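Only a predicted model underlies this, so the values are computations on that prediction, with no experimental measurement involved. Side-chain atoms are counted along with the backbone in the values below, which use heavy atoms only and exclude waters and symmetry mates.
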Amino acid sequence: MFNLDPSILFFSIIFSAIGIGYYSYGKKHNVYFQLTGVALLVFTMFVGSLGWLIGVGTLLTLLPFMIDRFF
């Protein structure tokens with residue numbers, strides 16, 4: 001599952017950086033951000049295609065805002 005495609009590595013780094021930010025924000029403010037941050041850090045290790053990486057990463061990035069707004 002380890003892929004050295006530059007675009008997959010780039011998006012993995014981007015979503016992992018967002019995950020670190022969400023996790024650190026969530027430790028002080030909102031548990032939804034903390035859990036989503038962990039998910040963003042972990043899921044990049046298990047996704048092998050670029051389409052799934054961008055789709056799931058975008059969904060996880062928007063998830064805490066959708067939860068906050070609708071629930």
Side-chain angles (χ1 to χ4, degrees):
M1 291 226 126
F2 188 66
N3 197 344
L4 291 177
D5 183 25
S7 57
I8 291 177
L9 287 174
F10 174 75
F11 283 107
S12 294
I13 291 170
I14 295 297
F15 287 126
S16 295
I18 293 170
I20 291 170
Y22 276 14
Y23 181 76
S24 62
Y25 176 80
K27 281 179 30 179
K28 296 179 182 170
H29 299 286
N30 193 343
V31 72
Y32 297 127
F33 279 93
Q34 188 176 16
L35 295 175
T36 306
V38 170
L40 279 167
L41 288 169
V42 172
F43 95 97
T44 58
M45 292 184 264
F46 300 108
V47 177
S49 70
L50 183 62
W52 279 105
L53 182 70
I54 293 173
V56 173
T58 303
L59 179 69
L60 285 174
T61 301
L62 297 176
L63 185 66
F65 297 107
M66 294 185 326
I67 289 173
D68 224 16
R69 183 176 177 119
F70 295 118
F71 296 110

Enquirer: Hey, any chance L4 and I13 share a hydrophobic cluster, counting ILVMFWY side chains that come within less than 4.5 Å of each other, even indirectly?
Expert: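 No.
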Enquirer: Looking only at non-hydrogen atoms, find the nearest pair between Y22 and T61 and report the distance.
Expert: OH-O, 2.7 Å
Enquirer: So which heavy atom on L50 is nearest to which on S7, and how close?
Expert: CD2-OG, 3.8 Å
Enquirer: Ignoring hydrogens, what is the shortest heavy-atom contact between I54 and T58? Give both atom names and the distance.
Expert: O-OG1, 2.7 Å
Enquirer: With respect to S12, which candidate in I8, I14, L9 satisfies the side-chain contact (heavy atoms from CB on, under 4.5 Å) definition?
Expert: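 Single side-chain contact (heavy atoms from CB on, under 4.5 Å) partner of S12 among I8, I14, L9: I8.
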Enquirer: Specify the closest pair of heavy atoms between L40 and F15, including all atoms of both residues, with the distance to one decimal.
Expert: CB-O, 3.7 Å
Enquirer: If you measure from CG on L59 to CH2 on W52, what distance do you get to the nearest 0.5 Å?
Expert: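 Going from the CG atom of L59 to the CH2 atom of W52 covers 10.5 Å.
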Enquirer: Can you name the nearest heavy-atom pair linking T36 to L60, along with the distance?
Expert: CG2-O, 2.8 Å
Enquirer: Which heavy atom of S16 sits nearest a heavy atom of L41, and at what distance?
Expert: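 S16 and L41 have their closest heavy atoms at O-CD2, 3.4 Å.
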Enquirer: What about the rings of F33 and F65, do their centers lie closer together than 6.0 Å?
Expert: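 Aromatic pair counts; centres sit under 6.0 Å.
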Enquirer: Is it true that I20 and F11 fall in one hydrophobic cluster, defined by side-chain heavy atoms closer than 4.5 Å?
Expert: no
